[in-house]
Amino acid sequence: MVNNCGGKAAGLVLLNKFKMPVPQWMALNWNEASNITDNTLNEIIEYFGTDIMVAVRSSAANEDGAQKSFAGMFESKLNIPTTKKGLRNAISSVIASGKSLRVNEYDGGTNNMGVVIQKMVNPVISGVAFTSAVDTDGSEVVLIEVTSGLGDKLVSGLVTPTQIKVPVRNNILDSNNISISGKLLSGLDSINCLIEKIQILRNKSKKKLDTEWCIDSDGQVWFVQARPITQPVFIKNRTNNSAISVVGGTVTAKLRSEERRVGKECRS
């Protein structure tokens, strides 16, 4: 277990425990992150190597916990070069975001801030996946929301995602009868690989999880975050979609084995 490194680090430890594919990462506790030294920066660079881009993300003490999520309150810095200057500036910005007025009003200013540093993935599609949600008819589904490229714009609410619902029948995900609402994005041919990983998470985790994931150009699924779902997720009918749709409406499809071979192979 990563001690004193915050909620995001704890989520990554959980994903590693369940043997999910997670990009290379390390965590700084709040003392290390708040008092960043040249020695620590050298250790980060040695661990990741040079000419590598990383994400520098908040990992506060109470972040992504069972009671409070702090979603969107803390800063993350993407595509940071592994140089002393780049890392120092990014870490300082993340630490400063934990001291904002908004955070103080939400949590009383008592939240120590750790930092997660993670190798960047160049994704074709990214998104979030809730391992359990309640559909409009009251049935249980897995809810996956997808956008093209990096997922930060989805988490920030800047785009309307493509929505995928996977029925749950006797705790088994029915990937033959998924429904897709919104734009049909390139990269969805690998979505079954993601569904297989979510099934494993459901089998192994005692808690329902809200995860962030991405799929690269090789069809490799990566998980970059996991947190407990703090409130039941209820899916509402879409009444307003400001995104430009290539194909509107809802598509229900059976994914056949022949189609799987045409798409990307699932990679462990």
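Treat the numbers as computed from the prediction; the structure is a model and nothing was measured.
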Margin query: Using the rule given for side chain to side chain contact (heavy atoms under 4.5 Å, CB included), can you reason through Asn112 versus Asn31, listing the C-alpha separation, both sets of side-chain angles and the distance that settles it, and then say yes or no?
Written below: CA-CA 9 Å; Asn112 291 320; Asn31 289 325; over 6 Å; no
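- Leu28 contributes atom CG, which lies 4.5 Å from atom CD1 of Ile117 (distance to the nearest 0.5 angstrom).
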Next item on the list: Please report the C-alpha distance between Ile200 and Phe18 in whole Å, then the side-chain angles of each, then the deciding distance to 0.1 Å, and finally whether the side chain to side chain contact (heavy atoms under 4.5 Å, CB included) criterion is met.
Entry: CA-CA 8 Å; Ile200 296 173; Phe18 295 152; 5.6 Å; no
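- Within the hydrophobic cluster formed by Ile, Leu, Val, Met, Phe, Trp and Tyr side chains joined at under 4.5 Å, directly or through other members, Val134 is accompanied by Phe234.
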Margin query: Quick one, Asp38 with Arg88, criterion side chain to side chain contact (heavy atoms under 4.5 Å, CB included). Give me CA distance, side-chain angles, the key distance, then yes/no.
Written below: CA-CA 9 Å; Asp38 281 348; Arg88 189 189 300 275; 2.6 Å; yes
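- Residue Asn89 qualifies as enclosed at atom CG: its count of foreign heavy atoms under 6.0 Å is above 12.
- Atom SG of Cys214 is separated from atom CZ of Phe223 by 9.5 Å, given to the nearest 0.5 angstrom.
- Under a hydrophobic-cluster definition in which Ile, Leu, Val, Met, Phe, Trp and Tyr are linked whenever side-chain heavy atoms come within less than 4.5 Å, directly or via other members, Ile52 and Val56 are assigned to the same cluster.
- Residues Val115 and Ser59 come closest through the heavy atom pair N-CB, 4.2 Å.
- Taking hydrophobic clusters as Ile, Leu, Val, Met, Phe, Trp and Tyr residues chained together by side-chain heavy-atom distances below 4.5 Å, Ile164 shares a cluster with Leu184.
- With a 4.5 Å cut-off between side-chain heavy atoms of Ile, Leu, Val, Met, Phe, Trp and Tyr, the cluster of Leu78 takes in Met53, Met120, Leu150.
- Note on Met20: it clusters hydrophobically with Ile191, by side-chain heavy-atom contacts below 4.5 Å among ILVMFWY residues.
- Interatomic distance, Ile45 CD1 to Tyr47 OH, rounded to the nearest 0.5 Å: 14.5 Å.
- Counting heavy atoms of neighbouring residues, nucleotides and ligands inside a 6.0 Å radius, atom CG of Asp51 does not exceed 12 of them.
- The shortest non-hydrogen separation linking Ser139 to Asp137 is OG-OD1, 2.6 Å.
- Checked by atom type, the side-chain pair Asn39/Thr37 shows no donor-acceptor distance below 3.5 Å.
- Listed here is the closest heavy atom pair of Glu32 and Ala27: OE1-O, 4.2 Å.
- Other residues, nucleotides and ligands contribute over 12 non-hydrogen atoms within 6.0 Å of the NZ atom of Lys204.
- A distance of 5.5 Å separates OG in Ser181 from CD in Gln163, rounded to the nearest 0.5 Å.
- Between the CD1 atom in Ile198 and the CD1 atom in Ile144 there is a gap of 4.0 Å [rounded to 0.5 Å].
- Interatomic distance, CD1 of Ile44 versus NZ of Lys84, reported as 11.0 Å (0.5 Å rounding).
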Next item on the list: Verify side chain to side chain contact (heavy atoms under 4.5 Å, CB included) between Trp213 and Val146, making sure each step is shown before the conclusion.
Entry: CA-CA 9 Å; Trp213 56 272; Val146 190; 3.9 Å; yes
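- Other residues, nucleotides and ligands contribute at most 12 non-hydrogen atoms within 6.0 Å of the NZ atom of Lys77.
- In the hydrophobic clustering of this structure, Val224 does not group with Leu15; members are Ile, Leu, Val, Met, Phe, Trp, Tyr whose side-chain heavy atoms approach within less than 4.5 Å, directly or through other members.
- Of the residues Arg202, Lys208, Arg169, the one that meets the salt bridge (charged side-chain N to carboxylate O under 4.0 Å, His left out) test with Glu140 is Arg202.
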